[in-house]
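Encoded as structure tokens, the structure appears first; notes follow it.
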Number of protein chains: 2
Amino acid sequence: MYHYEHPRPAVTIDLAAFMLSAGELRVLLIRRDAEPFAGEWTLPGGFVHSEESLEAACGRVLSAKARLERVYLEQLYTFGAPGRDPRDRVISVAYYAILAADQRYSGPGQWHDAQALPKLGFDHAEILSTALTRLRAKLTYSDIGFEFLPEEFTLGEAQRAWETILGRPLDKRNFRKSLLEKGRVQATGKKSRGGAHPPAMIYKLGEDQAQLST
Amino acid sequence: MYHYEHPRPAVTIDLAAFMLSAGELRVLLIRRDAEPFAGEWTLPGGFVHSEESLEAACGRVLSAKARLERVYLEQLYTFGAPGRDPRDRVISVAYYAILAADQRYSGPGQWHDAQALPKLGFDHAEILSTALTRLRAKLTYSDIGFEFLPEEFTLGEAQRAWETILGRPLDKRNFRKSLLEKGRVQATGKKSRGGAHPPAMIYKLGEDQAQLST
DNA sequence: ACAAAAGTGTTGCAAGTACACCCATGC
DNA sequence: GCATGGGTGTACTTGCAACACTTTTGT
């Protein structure tokens, strides 16, 4: 059975990279200039090389021209329906990534508001929808939301991040309670300066949680 | 970029098939007779053919010599670390399956108690551990447990199934309450006969839930 | 008679949700 | 002085967990 040697499907990764910017949840898209789907937008992706891990392929696709640290990466689902790429049998292992807000990305893609997406080629609308659903679900039962924030943040910044991702307002007192209880965040002692409002305590992710974001 | 044509990884599916039998949660394993891992047990698996879907590949692997209906199938995770198969780069899309208790399987594998597993070859212990974790988690927030049962069942049978899967006893009144509220199950009006105990009402999955098991 | 499973309600706790006001700062 | 966000506590509701006895049947 191992020596079955019919044509092999191609294996790619497709990556839904999220970032918060200007009060929007944005996702990185690339405009195709070749058929099929020329002129439409797609998720960045690429072939999985023979000797690299799936995560390494994601990193390669994402940071071809970028200087990135603090990138959260999680496998989403594998899309392998015959015909999803009209040229060849392509099995795509989809991942989603979160770039912290203080990162700088400078690559070929453009960042689009995830709430107002253009038409996407291939089955990438389905991939992105799956990613958004997963992301929003994990926001409530894990610490994944902190991946969007710089290492130090105020509770107001955190609440605005959560609200942007979920697309709905949250109650301030309940939100603060949920972050402060059980040491999910810890105060640094420093205070923010420089808004038309009182200084805010600066927090960082709690020590126990720092490596348990998923 | 599309015309990249280095060697392609092989794509396989690996399948963790579960079934309840004799009060045990059992999983289908195959004893390898060739290196690597000769003599060890592995999950059934096989190559993904060029023009079949991933689910079709699972079905082919599972039912080569079996007559099966009512098979629940769900994608689990994709395992693609270089070196996980020492012979070649193999990317495995792992699925798990649930066979209803009234099915008959007659294939090359053997059913093992999932609580007392032998040593497994490749990374199949990790795959199976992931599958068990997923299965147990979904038991509490979805209707996946009914996939183990025949179409009609008593609440006692259901409770014994849940307890076997979770490996711990459940409170009878709470269990019954959770199934009966919100129409998760509906009474058929029939009653079981033939144990040293009172007849039990026979239920089936509620109509709204019948197609919403995940 | 006895063993075995069917059937049946209430209480306590924890988690989540709703809700309003005063304060410190920058302009 | 006014606009902006920082900071704070309580009450209600809901879901989950603990807990014991009576009844019907088969042997």
What nucleotide, of [options], holds the atom closest to the side chain of [X]?
X	options	result
B/Pro199	D/dT24, D/dG6, D/dC19	D/dT24
B/Pro198	C/dA5, C/dT25, C/dA15	C/dA5
B/Arg173	C/dG9, C/dG7, C/dG26	C/dG9
B/Ala196	C/dA6, C/dG26, D/dT25	D/dT25

Next on the checklist: On DNA chain D, compare the nucleotides closest to A/Arg176 and A/His197; which residue's is nearer the 5' end?
Outcome noted: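 The residue whose closest nucleotide sits nearer the 5' end is A/His197.
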Checklist entry - How about A/Tyr105 and A/Trp111: are their ring centres within less than 6.0 Å of each other? => result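 Yes, the ring centres sit under 6.0 Å apart.
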Checklist entry - Less than 6.0 Å separating the ring centroids of B/Phe146 and B/Phe148? => result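 No, too far apart.
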From [atom1] of [X] over to [atom2] of [N], roughly how many Å is that when rounded to an integer?
X	N	atom1	atom2	value
B/Lys182	D/dC16	NZ	C1'	11 Å
B/Asn174	D/dA17	CG	P	7 Å
A/Phe175	D/dG5	CZ	C1'	15 Å
B/Lys191	C/dA5	NZ	P	17 Å
A/Arg193	D/dG5	CZ	P	17 Å
B/Leu180	C/dG9	CG	C1'	14 Å
B/Arg168	D/dA18	CZ	P	9 Å
A/Arg160	D/dG5	CZ	P	7 Å

Checklist entry - Which residue, B/Glu157 or B/Asp171, contacts DNA chain C at a nucleotide closer to its 5' end, judged by nearest heavy atom? => result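 In this pair, the answer is B/Glu157.
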Checklist entry - On DNA chain C, nearest-nucleotide positions of A/Gly194 versus B/Met201: which is more 5'? => result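 Counting from the 5' end, the first nearest nucleotide belongs to B/Met201.
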Next on the checklist: Quiz question: going by heavy-atom distance under 3.5 Å, is there a donor-acceptor pair between the base of D/dG5 and the side chain of A/Lys172?
Outcome noted: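 Such a pair does not exist between side chain and base.
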Checklist entry - Hey, is the side chain of B/Lys177 pairing donor to acceptor with the base of C/dT10 inside 3.5 Å? => result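 Under the 3.5 Å cut-off, the side chain and the base do form a donor-acceptor pair.
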Checklist entry - Atom CG in A/Asp171, atom OG in A/Ser178: separation rounded to 0.5 Å? => result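 Between atom CG of A/Asp171 and atom OG of A/Ser178 there are 10.0 Å.
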Checklist entry - What orientation do A/Phe122 and A/His124 show, parallel under 30°, tilted 30 to 60°, or perpendicular over 60°? => result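 A/Phe122 vs A/His124 ring planes: tilted.
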Next on the checklist: Quick check: closest heavy atoms across A/Leu62 and A/Leu99, and the distance to 0.1 Å?
Outcome noted: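 The pair with the smallest heavy-atom distance is CD2-CD2, 3.8 Å.
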